[in-house]
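For reference, the structure is listed below as C-alpha cells.
Scope of the values below: all heavy atoms of this structure, side chains included, with no hydrogens, waters or symmetry mates. Note on naming: letters A, B, ... go to the chains in the order of the sequence lines (proteins, then strands), and numbering restarts at 1 for each one.
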Protein chains: 2
Amino acid sequence: METTNIPGYAYGQVNRSPVTLAELELLKQTVLFSAADVAALAQAGQVLAPQTDAILDVWYGFVGAHPYLLRYFSLHGQPDGAYLARVRARFGQWIIDLCTKPYDQAWLDYQHEIGLRHTTAKKNLTDGAQAEPLIHLRYLTTFIVPLTATIKPFLQNGGSSTDEVEAMHAAWFKAVTLTATLWSYPYVKEGQF
Amino acid sequence: METTNIPGYAYGQVNRSPVTLAELELLKQTVLFSAADVAALAQAGQVLAPQTDAILDVWYGFVGAHPYLLRYFSLHGQPDGAYLARVRARFGQWIIDLCTKPYDQAWLDYQHEIGLRHTTAKKNLTDGAQAEPLIHLRYLTTFIVPLTATIKPFLQNGGSSTDEVEAMHAAWFKAVTLTATLWSYPYVKEGQF
Ligand code: HEM
Ligand code: HEM
C-alpha cells in the first residue's frame, strides 16, 4: 500500500520514543507476544486490508453514536468533519501497520507520536482541527475492548480456519494492548510509566 | 466466602474514588458492558471460586518466572515472602469480587484504593513490605492480556457450554480492562485521566 499520500501520516519522520527497545521487549513478553503472533498478524493484515473501510465504518459508527466520544472530534458540540475524515485515513493505515510493520525503533517512535497526538502536546495540530485539546486516557485504555471485539467478524471473513481466526484474534488483542500501553506514556507522571 | 479475615483487605472502608459513578457508567458503555455481562460474571464467579488457588499458582508462576516483574515484590533483588503471601490472599478475593460484587460506589472506591496500592502513595504500607516503591503503569495495562488469556482454561473447567464459556470470557475481559483503567488514575497527570 502506498502511504506517503495520507495527509499527516509521518511514519519514519518523528522524534525518538522515550521508551527503549529493551523496555519494549519486556512489554512484549508481558503480553505473551511470540513469533507465532508475528505470523498471525501478517495473515490478519492480508485479511483485513481489503476490509479497512468497513472496519472504519464500524469504529466511526461507535464513536458517532456516543456523544462523550464524538466530543473529542468536536468543539462546543460541533464535530469537525474534515478532521474526522483526515484521521480516518491514518486510522486505516494504522490497521495495516499494526499487522505488518516490524516492531522496531521506527515503529516504537511512531507509537509515541500517536500517543502525543491524543494529548495537549500535539492534538489538532496535524490537521488544524477545531476540537477538544485532549482525549482522556481512560478512553484509550477502555478502547482495547471494542477494538478487539469488533475485529473478530472481519477476521472471520477471510476464509481462514477457526484455529487461524483464533490465532489472529489473540495476536491482534496483544498488539492493540501493547500500543495502547505505549500511547499512555505522555499522560503519566514522571518516572511512573 | 468470609472475607473479614484477609489481612489488609479493606473493601467498604476506604476513601471515596475521584471517579464518579456517572463517569464509570460511560466507561462501562465503552467496554460494551451489559446486563448479560453481569450474569456471565456471576456464573464465572461460581466456576472460578473453587479454583482460586490454582489460578493464583499460574499468575504467581508468571510473575516469579520474570525478574522484571518479581522485582516489584522485592528490594535489592530480595523477594519479600510474607508480602507475596499476603497479597496473594487479597488477589484471590479480587477474583471473586470482580465477578460477584455490584459495580457501585463501594466497588468504585475500592478500585481507587487498589490503584493507589500499586503506586508510591500506598504501596508496601498495608503489609509493611520491603519492596520497590512503585509498580510501573505499563505493566498494569499490559497485564490485561495475561490475566485474560490465562483465565480461559479455568472457565472451561466448570462444565459450562462453549457459548457460556465464551460469554464468561468476554465479560471477564471487559471487567479486567475496566479495573485496569480505573487503577491508572493515580498515575496520570492532573486532568488527563
Ligand atoms: C486504543 C485505542 C485507540 C486507537 C487504536 C486509536 C488509533 C488512532 C490512530 C491510529 C490515530 C492516527 C495516528 C496518526 O496521526 O497517524 C488516532 C488519532 C486520533 N484518535 Fe485515536 N485511537 C484510540 C483511542 C481514541 C479515542 C478513545 C478517541 C476519542 C474518541 C480517539 C480519537 C482520536 C482523534 C481525535 C485523533 C486525531 C488526533 C490528532 O489531532 O492528531 N482515539 N487514533
Ligand atoms: C491488571 C493487572 C493487575 C491486577 C488485576 C492486579 C491485582 C491486584 C490486587 C487485587 C491486589 C490487592 C489489592 C488489595 O490490597 O486488596 C494487588 C496488589 C499488588 N499487586 Fe497487583 N495487579 C495487577 C498488576 C500488577 C503488576 C503488573 C504487578 C507487578 C508484578 C503487581 C504487583 C502487586 C503488588 C506488589 C501488590 C501489593 C501492593 C501493596 O503493597 O499493597 N500487580 N494487585
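- Here the closest non-hydrogen pair linking A:Lys189 and B:Val188 is CE-O, 3.4 Å.
- Using a 4.5 Å heavy-atom cutoff, the side chains of B:Ile144 and A:Phe173 are in contact.
- Atom-to-atom distance recorded for A:Leu24:CG and B:Arg138:CZ is 10.5 Å, nearest 0.5 angstrom.
- Surrounding CD of A:Gln46 are at most 12 heavy atoms belonging to other residues, nucleotides or ligands under 6.0 Å away.
- In this structure, A:Asp104 places its CG atom where more than 12 heavy-atom neighbours from other residues, nucleotides or ligands lie under 6.0 Å away.
- Heavy atoms of A:Phe193 lying under 4.5 Å from chain B belong to its backbone as well as its side chain.
- Only the side chain of A:Ser184 comes within less than 4.5 Å of a heavy atom in chain B; its backbone stays farther off.
- By the criterion of side-chain heavy atoms lying less than 4.5 angstrom apart, applied directly or through intervening Ile, Leu, Val, Met, Phe, Trp or Tyr residues, A:Leu84 is grouped together with A:Tyr72 in one hydrophobic cluster.
- One hydrophobic cluster holds both B:Met168 and B:Val58 under the rule that ILVMFWY side chains link at heavy-atom gaps under 4.5 Å.
- Using a 4.5 Å cut-off between side-chain heavy atoms of Ile, Leu, Val, Met, Phe, Trp and Tyr, with links allowed through other members, A:Leu56 and A:Val176 fall into the same hydrophobic cluster.
- Ranked by heavy-atom pairs shorter than 4.5 Å toward chain B, the options A:Leu182, A:Val31, A:Thr177 are led by A:Val31.
- The parts of B:Thr30 that come within reach of chain A are both its backbone and its side chain, each placing non-hydrogen atoms under 4.5 angstrom from that chain.
- No path of Ile, Leu, Val, Met, Phe, Trp and Tyr side chains, each step under 4.5 Å between heavy atoms, connects B:Ile135 with B:Leu75, placing them in separate hydrophobic clusters.
- If you tally non-hydrogen atom pairs under 4.5 Å between each of A:Leu69, A:Leu26, A:Thr120, A:Thr148 and chain B, the highest count goes to A:Leu26.
- Grouping the Ile, Leu, Val, Met, Phe, Trp and Tyr side chains by contacts below 4.5 angstrom, directly or via other members, places A:Leu21 with A:Tyr11.
- Per-residue counts of heavy-atom pairs under 4.5 Å with chain B were compared for A:Tyr68, A:Phe62, A:Tyr139; the largest is that of A:Tyr68.
- Heavy atoms closer than 4.5 Å to chain A are found in the side chain of B:Ala149, but not in its backbone.
- Put simply, CG on A:Leu140 and OG1 on B:Thr181 are 10.0 Å apart, with the number rounded to the nearest 0.5 Å.
- With a threshold of 4.5 angstrom between heavy atoms, B:Glu190 does not approach chain A through any atom at all.
- Here the shortest heavy-atom pairing between B:Leu134 and A:Gln192 reads CD2-CA, 3.8 Å.
- More than 12 heavy-atom neighbours from other residues, nucleotides or ligands sit within 6.0 angstrom of CD on A:Glu132.
- Neither the backbone nor the side chain of B:Tyr185 comes within contact range of chain A, judged by heavy atoms closer than 4.5 Å.
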Notebook entry, point to check: Are A:Trp183 and B:Thr141 close enough, and set up right, to give a side-chain contact (heavy atoms from CB on, under 4.5 Å), and what steps lead you there?
Noted result: CA-CA 11 Å; A:Trp183 297 357; B:Thr141 315; over 6 Å; no
